[in-house]
Every structure is written in C-alpha cells, then in structure tokens.
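Numbering of ligands and ligand atoms starts at 1, following listing order. Residue indices begin at 1 and follow the sequence shown.
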Amino acid sequence: MVQLIKKKRDGQSHSREEIIEIIEGFVKGDIPDYQISAWLMAVLWQGLNEDETAWLTEAMMNSGEVIDLSEIPGIIVDKHSTGGVGDKTTLVLAPLVSSVGVHVAKMSGRGLGHTGGTLDKLESIEGFKVDMSPQAFIERVKNHGIAICSQNAQLVPGDKKLYALRDVTGTIDNISLIASSIMSKKLACGADAIVIDLKVGDGAFMKNLESAELLAETMISTANRMGRKLVAIVTDMNNPLGNAIGNSLELKEAMDTLLGEGPDDLTELCLTLGSQMLMLAERVDNLEKGRELLLESIKNGSAIQKFYELVESQGGNLEMVKHPEKLPSTTFSYDYRSSQSGYVQSIFAQEIGLAAVSLGAGRETKDSAIDFGAGIMLLAKPGDKVEKGDVLMRLYANDKAKFEIANLHLDRAIIFSNEKPEKSPLIIKTIQ
Ligand code: URA
C-alpha cells in the first residue's frame with residue numbers, strides 16, 4: 001500500500017488491479033484507515049483519470065452484492081441528488097413516478113454535513129425500515145413498484161466505509177471520488193437509467209457551474225461504460241429548496257406536494273426531474289406528456305396513495321402520515337424576525353443548513369442522534385418584500401439554548417436589497 005500511495009502522490013496512474021486491491025483490502029480490513037486516508041489525500045491532489053474513476057466505481061459496486069432486477073419487467077429508473085438544504089425531492093418523486101407505472105428502485109443516504117438525507121426524513125415515521133436484504137428490496141420493487149433502502153454490509157460496503165473516512169479527512173470534494181461514490185450505489189441497485197439532480201451553489205458540494213459540468217460528464221461517461229443511461233439536470237442550490245428544513249417538517253412538505261399543495265420551487269423541480277425519469281423509462285416520448293401524466297396523478301390522488309403504500313410496505317406507521325400532526329414535533333419554537341425592511345435577495349442555503357443541524361435536525365458527530373421534529377420553516381423567500389420585525393423564519397427545537405446558536409448562523413444567512421431582485425433560475429441546464 002505504501003508503494004500505491006507514493007504512486008498516486010507522484011501523479012502516476014493506477015491499473016485496474018491496483019484499484020481493486022485497494023478497495024478489497026480496505027473493505028476486508030487488511031489496509032488500515034490511516035493508509036487509505038493518505039491515499040485519498042493523494043487522489044484529492046492528483047486526481048483520477050477516466051479509467052481510474054470507472055475502475056474505482058466498479059470496485060466499490062462489487063464490494064457487496066449487485067442487485068439483479070432483470071426479472072422485473074420494464075425499464076427501472078433511479079434518481080439521485082448530489083445533496084442540498086431542504087431537498088426532500090426523493091420523498092415526492094419516487095412515489096410520484098411509481099404512481100404512473102414506472103418502477104423506482106432507490107438507495108438513499110443520510111444527512112451529511114449541512115445537507116439533509118432522505119433516510120433520516122423517512123425515519124421520522126415510526127417503524128419505517130430502510131435496512132433490508134437485497135432479496136427484500138427486489139420483492140418490494142416487484143410488489144409495490146417502489147422501494148427505498150440504505151447501504152449496508154451487503155450493499156456497497158466499500159462506499160459506506162470510504163465515505164465515512166472522506167467525511168472526516170477533508171477528502172469529500174473531488175469529482176472522481178464523488179462520481180464513483182454516487183455511481184457505485186446507483187449501479188449496485190440495478191437501475192437501467194438514472195436521473196441526477198446535480199446541485200450547484202452555496203448550499204451544494206459543487207459551488208460553481210464549471211465543476212458541476214465536470215461532475216456530470218464524469219458520471220455520464222462512467223454510466224455509459226457500464227451500459228446505463230444517465231441524464232444530469234443542474235439545479236440551483238444557492239437558496240434552500242421549499243420552505244421546510246428538518247426531517248418531519250420536510251416529510252410533511254413532501255406530502256403536501258404530493259397532494260398538489262407544495263411550494264412552487266419544489267413542485268417545479270419534481271415535475272422536471274420526474275418527466276425526465278418517465279422519458280428514460282420510455283413511458284412517454286416527450287417531456288410535456290410526462291409532466292401532464294405526473295400532474296394528473298397528483299390531482300387524482302394516485303401520487304399520495306403510492307406514498308402511503310411505500311410507508312406501509314416498509315413498516316411505517318400509516319396513522320402518523322395520514323395525520324401529520326402525529327409526526328415528531330418539538331416543545332419549543334422561536335420566531336426569527338427581520339432586522340430591516342426591504343426585499344429578501346437571497347438566503348444562504350449553507351448557513352440555513354448549519355442552523356438546522358444546530359437545532360438538532362442533523363448530526364454534529366458521526367454518532368449523534370437526530371431530533372426528528374427540529375428544524376426551520378422559512379416564512380419569506382427570495383423576492384419577498386418584508387418589513388423590519390416581520391417573522392422570516394420559525395425555528396423548532398427541544399432545547400431553548402439551541403436557538404441562540406442557530407441565530408448566529410441565521411444572522412449571516414439573509415441578504416436584503418432595496419430593489420426587487422431578479423429571480424434566479426431553479427433549473428439551470430440538462431446534460432446528457
Ligand atoms: N453523495 C454521495 O453519495 N457521495 C459523495 O461523495 C457526495 C455526495
């Protein structure tokens with residue numbers, strides 16, 4: 001391993017066998033964390049070429065079972081977001097797309113840093129299980145047209161271990177490492193086609209369009225080499241998505257969206273990503289038809305019914321979702337008020353995400369427990385006119401002292417202007 005670390009440190013390329021040796025050795029526990037950490041840092045500085053990125057993806061995919069969904073008829077589609085603040089898209093999109101007859105087989109993640117995770121949001125429903133065997137996953141997709149699972153010892157353990165190490169060694173932000181991490185999970189879950197919601201901006205891992213485009217191209221080439229179709233939609237993550245940030249608050253907002261009563265930005269994003277999924281699944285032959293089908297499913301109640309079916313099939317308490325007032329809530333709330341009059345120009349997503357984590361909605365250490373009810377509701381969004389003293393956000397926590405820490409983030413989060421700001425586009429571009 002020392003030779004392999006030096007090789008990458010000195011800017012040389014690895015062979016396929018070397019990459020396999022590194023990942024297999026790490027997963028088995030033969031190569032210690034400190035050597036992998038040094039190798040990751042060398043990768044961060046020197047990069048991986050296209051071949052190395054594809055081999056790393058393949059090695060991580062093969063670190064556990066690779067699910068074979070070929071017995072399920074039709075094209076199976078998956079969706080992945082690169083992570084953001086208030087991003088509850090999967091909670092809407094997976095049942096919405098499944099409700100019009102396209103199978104959705106999805107492996108999701110947990111919150112990371114200032115960004116939230118689908119699994120944590122789903123686990124705010126009492127009893128909801130995300131850890132399942134590959135066989136149970138296949139059965140659920142077969143019987144219900146939808147399943148959402150977590151990584152575990154059987155599914156992509158290589159990425160699970162590597163990801164945890166990257167998180168604490170400053171080695172997240174490398175395009176090849178991000179692309180192989182995402183793609184290994186998508187490929188191991190057996191989907192034929194994948195839509196990536198590639199977030200760019202202050203609250204995303206990709207801070208500018210150039211790096212987002214490079215990540216999209218890297219994922220497309222990896223997917224194509226493995227015989228899969230992939231479309232990346234670059235979307236704005238300078239401002240939080242929707243109004244709710246925090247697990248049960250976001251779950252409730254996702255259900256409102258499935259009922260046709262969600263915020264405009266979230267609804268628009270779900271229709272855009274969803275119609276791409278329907279195109280890839282060959283359910284429709286143009287995006288407009290896809291959008292119509294999805295809107296009809298929201299209108300006639302099929303979308304929310306599919307969400308209820310998902311909850312029931314994964315052991316969740318249906319009463320809780322049918323009566324959202326029974327979802328976890330907090331003892332205290334606090335109104336954050338505007339320090340001035342004017343227009344809200346932007347709301348920095350990263351600061352809002354960090355404020356939500358400090359209220360208990362995310363993990364401050366690897367082992368912290370999540371407070372499912374904690375979070376923030378945005379009562380003003382960019383473009384809104386506000387007066388000094390208006391409530392801009394409502395904060396929720398089970399410990400009043402947490403409001404003070406959250407306020408430090410929120411004081412840095414909002415930019416005001418005297419003029420009505422121009423609306424920045426939510427959907428930036430599609431790359432395929
Ligand atoms: N999401 C992932 O699954 N992996 C990364 O490396 C970054 C975001």
task: Below 4.0 angstrom from a heavy atom of I182, which ligand 1 atoms are there? Numbered from 1 as shown, please.
output: 1 (N), 2 (C), 3 (O), 4 (N)

- prompt: Counting from 1, what ligand 1 atoms have a heavy atom of S181 closer than 4.0 Å?
  reply: 2 (C), 3 (O), 4 (N), 5 (C), 6 (O)

- prompt: Would K199 count as a cation-pi partner of F205, with NZ or CZ less than 6.0 Å from the six-membered ring centre and within 45° of the ring normal?
  reply: no

Check ion pair E52-R16 (N to O, under 4.0 angstrom): no

query: Per the side chain to side chain donor-acceptor pair (under 3.5 Å) rule, which among K121, K79, H80 passes with T90?
result: K79

- request: Show which atoms of ligand 1 fall inside a sub-4.0 Å distance from at least one heavy-atom site of K185.
  value: 2 (C), 3 (O), 4 (N)

field: Under 3.5 Å: N/O of T82 near N/O of ligand 1
entry: no

- request: Give the numbers and elements of all ligand 1 atoms closer than 4.0 Å to a heavy atom of R166.
  value: 6 (O)

- request: Would you please classify the geometry between the W39 ring and the H14 ring as parallel, tilted or perpendicular, with 30° and 60° separating the classes?
  value: tilted

query: Judged by modelled atom types alone, do S176 and T53 share a side-chain donor-acceptor pair under 3.5 Å?
result: yes

- prompt: Of all the non-hydrogen atoms in the protein, which one sits nearest to atom 5 (C) of ligand 1, and at what distance?
  reply: Y163 CE1, 3.1 Å

